[in-house]
2 protein chains.
Amino acid sequence: MEEKEISQAVVSRLPRYLRYLGELRDEGIERVSSQELSDIMQVTASQIRQDLNTFGGFGQQGYGYNVGYLYDEIGKILGLNREHRLVIVGAGNLGQALVNYTNFERRGFLFRGIFDHDPKVCGKEIHGITVRPMEEMPDFIRENQIDIAVLTIPKTSAVEVAKQLAACGVRGIWNFAHVDLRLPGHIQVENVHLSDSLMKLSYNLSSVEDES
Amino acid sequence: MEEKEISQAVVSRLPRYLRYLGELRDEGIERVSSQELSDIMQVTASQIRQDLNTFGGFGQQGYGYNVGYLYDEIGKILGLNREHRLVIVGAGNLGQALVNYTNFERRGFLFRGIFDHDPKVCGKEIHGITVRPMEEMPDFIRENQIDIAVLTIPKTSAVEVAKQLAACGVRGIWNFAHVDLRLPGHIQVENVHLSDSLMKLSYNLSSVEDES
DNA sequence: TCTGAATTGACAAAAAATTAACATAAGCGT
DNA sequence: ACGCTTATGTTAATTTTTTGTCAATTCAGA
């Protein structure tokens, strides 16, 4: 299917395009040129055209791009036209925060289960979902055809749990634990290393200081 | 001071080096070669050497790198040798989750205040810090010499609050709101767009499907 | 102290990503 | 219908990033 390998750099920019197109659409704007988008988004028009053409010709010469159409197409490319069933593993603060984000649901990311090791939080209800003990996780994932597991547990147990998840047939892991997961190639892992991000900010703070 | 411009690509990799070096150090390992690190971290030895040499010659020919020394040096580069004073703006689930992460404190990121618009949560105590009303934010930031503000509020108010923060003298913003902040160049912004990350995962799930 | 093995730092080459340029196609006004 | 303008898609050039190579330096052992 996929002819050429598509770089993650391009993929990373798609959600941002989607966001701006959504805003334009909500403002009732129907068409947009790469140059106009360029001005708004602060990226070169050339990059926008190049990125979009990686996936196909969505525009029309002399006209530009139809906002609604392009929005939908990018959504499809990102797989937002289908539903994803997720579980949260780790009902701590972060896990709870994610479940409560209603925006994910609107995009088709449906939280179906929450699991935690701690018996004290099991049984508790978060955003309408009952927290279950870890032991029930494997069966739950299989029975509910869970696509994605969100890992919000400490790094000490993350590697072990990730292996379990992979064995249960989860296709993707959204990993907030501060470790690199080494899993079979067909399992997709998307890392969110918050402390890395904060350190990067810290670096950039120091570097502007030095410029003086 | 800064001779050559250092690319963000290199900076992004530093926290990961730091993490692995920390692990080696904790295991009592004193020296490591770029080749050994390469094997562990799954990056080329060449890249490791290149990255490190961007900041100086930390190694020794024929010997390799001293784990503890390199760890400390990378820490300094990332600004972890100094303390940072932060405030959280937005005492929702995510804001609370971040405050409760003790790992940040260990790295010198000290949460000093939490602010929220909602009168119902004001006065509440989170991780030993009292949530204050937004009105008190500007004075608090000035009086406590806050470096970094963590933005965990909805995007509707994020742009406006970010402007305020910039005006109060905050030097960096760790932005979890789903908007791009357009601020004066001396203010560093580090974005954590969670939904972008999830969409990327979604894309990669679809793309492995197509490969078959 | 000398010799061989190991390993960096620097430079060169290759690959990837970004930007620029332009021919081509569509729209728009007359 | 015709020509002018606009703006894409594509190819080429440029820049950046990554990888490969190797001389120079240090360590370790005899």
Side-chain angles (χ1 to χ4, degrees), chain A residues 2-17 20-21 24 29-74 77 200 203-204 207, chain B residues 2-17 20-21 24 29-74 77 200 203-204 207:
Chain A
E2 302 278 286
E3 293 289 342
K4 57 217 153 188
E5 195 59 38
I6 288 160
S7 83
Q8 288 296 306
V10 175
V11 178
S12 303
R13 285 191 291 266
L14 294 182
R16 188 151 178 268
Y17 293 137
Y20 277 91
L21 288 166
L24 290 174
I29 292 164
E30 279 185 358
R31 65 182 258 191
V32 69
S33 72
S34 59
Q35 187 54 56
E36 288 168 321
L37 255 186
S38 163
D39 295 337
I40 305 171
M41 296 185 61
Q42 310 274 52
V43 285
T44 62
S46 195
Q47 178 161 75
I48 294 171
R49 293 204 299 277
Q50 191 84 298
D51 283 350
L52 297 180
N53 274 66
T54 312
F55 300 96
F58 301 121
Q60 213 162 10
Q61 286 168 328
Y63 174 84
Y65 299 90
N66 178 288
V67 171
Y69 174 69
L70 187 55
Y71 179 88
D72 290 342
E73 288 302 314
I74 293 179
I77 292 166
K200 215 171 134 202
Y203 170 85
N204 287 322
S207 73
Chain B
E2 300 279 285
E3 292 290 341
K4 58 220 153 189
E5 194 59 38
I6 288 160
S7 83
Q8 288 296 306
V10 176
V11 177
S12 303
R13 286 191 290 266
L14 294 182
R16 187 152 179 267
Y17 292 138
Y20 278 90
L21 288 166
L24 290 174
I29 293 164
E30 280 185 357
R31 65 181 257 193
V32 70
S33 71
S34 58
Q35 187 54 58
E36 288 168 321
L37 256 186
S38 163
D39 295 339
I40 305 171
M41 295 185 61
Q42 312 272 54
V43 285
T44 63
S46 196
Q47 178 163 73
I48 294 172
R49 295 206 297 277
Q50 189 87 304
D51 282 350
L52 297 179
N53 273 65
T54 313
F55 299 96
F58 300 122
Q60 212 162 10
Q61 286 168 329
Y63 173 83
Y65 299 89
N66 179 289
V67 171
Y69 173 67
L70 187 54
Y71 179 88
D72 291 342
E73 288 301 315
I74 293 180
I77 292 166
K200 215 171 134 201
Y203 171 85
N204 286 323
S207 75

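Naming: A, B, ... by sequence-line order, numbering from 1 per chain. None of these values were measured; they are calculated from a predicted model.
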Separation of atom [atom1] in [X] from atom [atom2] in [N], rounded to whole Å:
{"X": "A:M41", "N": "C:dT19", "atom1": "CE", "atom2": "P", "answer": "13 Å"}
{"X": "A:E5", "N": "C:dA15", "atom1": "CD", "atom2": "C1'", "answer": "15 Å"}
{"X": "A:D51", "N": "C:dT19", "atom1": "CG", "atom2": "C1'", "answer": "12 Å"}
{"X": "A:Q8", "N": "D:dT18", "atom1": "CD", "atom2": "P", "answer": "14 Å"}
{"X": "A:L37", "N": "D:dA7", "atom1": "CG", "atom2": "P", "answer": "12 Å"}
{"X": "B:I6", "N": "D:dT18", "atom1": "CD1", "atom2": "P", "answer": "14 Å"}
{"X": "B:Q35", "N": "C:dG9", "atom1": "CD", "atom2": "C1'", "answer": "16 Å"}
{"X": "A:I48", "N": "D:dA7", "atom1": "CD1", "atom2": "C1'", "answer": "13 Å"}

For a quick test of reading the model, state the closest non-hydrogen atom pair linking [X] to [Y] and the distance between them.
{"X": "B:Y63", "Y": "B:E30", "answer": "OH-O, 4.4 Å"}
{"X": "A:L24", "Y": "A:V67", "answer": "CB-CG1, 4.0 Å"}
{"X": "A:K200", "Y": "B:S12", "answer": "CE-OG, 3.3 Å"}

Which part of the nucleic acid does A:S46 contact within heavy-atom distance under 4.0 Å: base, sugar-phosphate only, or nothing?
->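 It contacts base atoms.
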Heavy-atom side-chain contact between B:I77 and B:F58 under 4.5 Å =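 When only atoms from C-beta onward are counted, B:F58 and B:I77 do touch, with a gap below 4.5 Å.
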How do B:G56 and A:V10 order along DNA chain C: which one's closest nucleotide is nearer the 5' end?
->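 Taking each residue's closest nucleotide, the earlier one in sequence belongs to B:G56.
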If each of A:S7 and A:R49 is mapped to the nucleotide of DNA chain C with the nearest heavy atom, which maps nearer the 5' terminus, i.e. the 5' end?
->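 Its nucleotide being nearer the 5' end, the pick is A:S7.
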Donor-acceptor pair (no angle test) under 3.5 Å: A:Q50 side chain, C:dT19 base =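 For A:Q50, whose side chain was compared with the base of C:dT19, there is a donor-acceptor pair (under 3.5 Å).
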Quick one: list whatever passes side chain to side chain donor-acceptor pair (under 3.5 Å) with B:R16, sequence neighbours left out.
->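 So B:R16 forms a side chain to side chain donor-acceptor pair (under 3.5 Å) with A:D180.
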Would a distance-only check, ignoring hydrogens and angles, find a side-chain to backbone donor-acceptor pair under 3.5 Å from B:E36 to B:S33?
->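 Here the side-chain-to-backbone pair exists.
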Taking only N and O in the side chain of [X], is any of them less than 4.0 Å away from OP1 or OP2 of [N]?
{"X": "B:Y65", "N": "C:dG9", "answer": "yes"}
{"X": "B:N53", "N": "C:dT8", "answer": "no"}
{"X": "A:S34", "N": "D:dA7", "answer": "no"}

What's touching nucleotides 26-30 of chain D from the protein side, N or O pairs under 3.5 Å?
from	atom 1	to	atom 2	distance (Å)
D:dT26	O4'	B:Q61	O	3.2

Does a side chain donor of either B:N66 or B:Q60 reach within less than 3.5 Å of an acceptor in the other side chain?
->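 No pair is found: no donor N or O on one side chain lies under 3.5 Å from an acceptor on the other.
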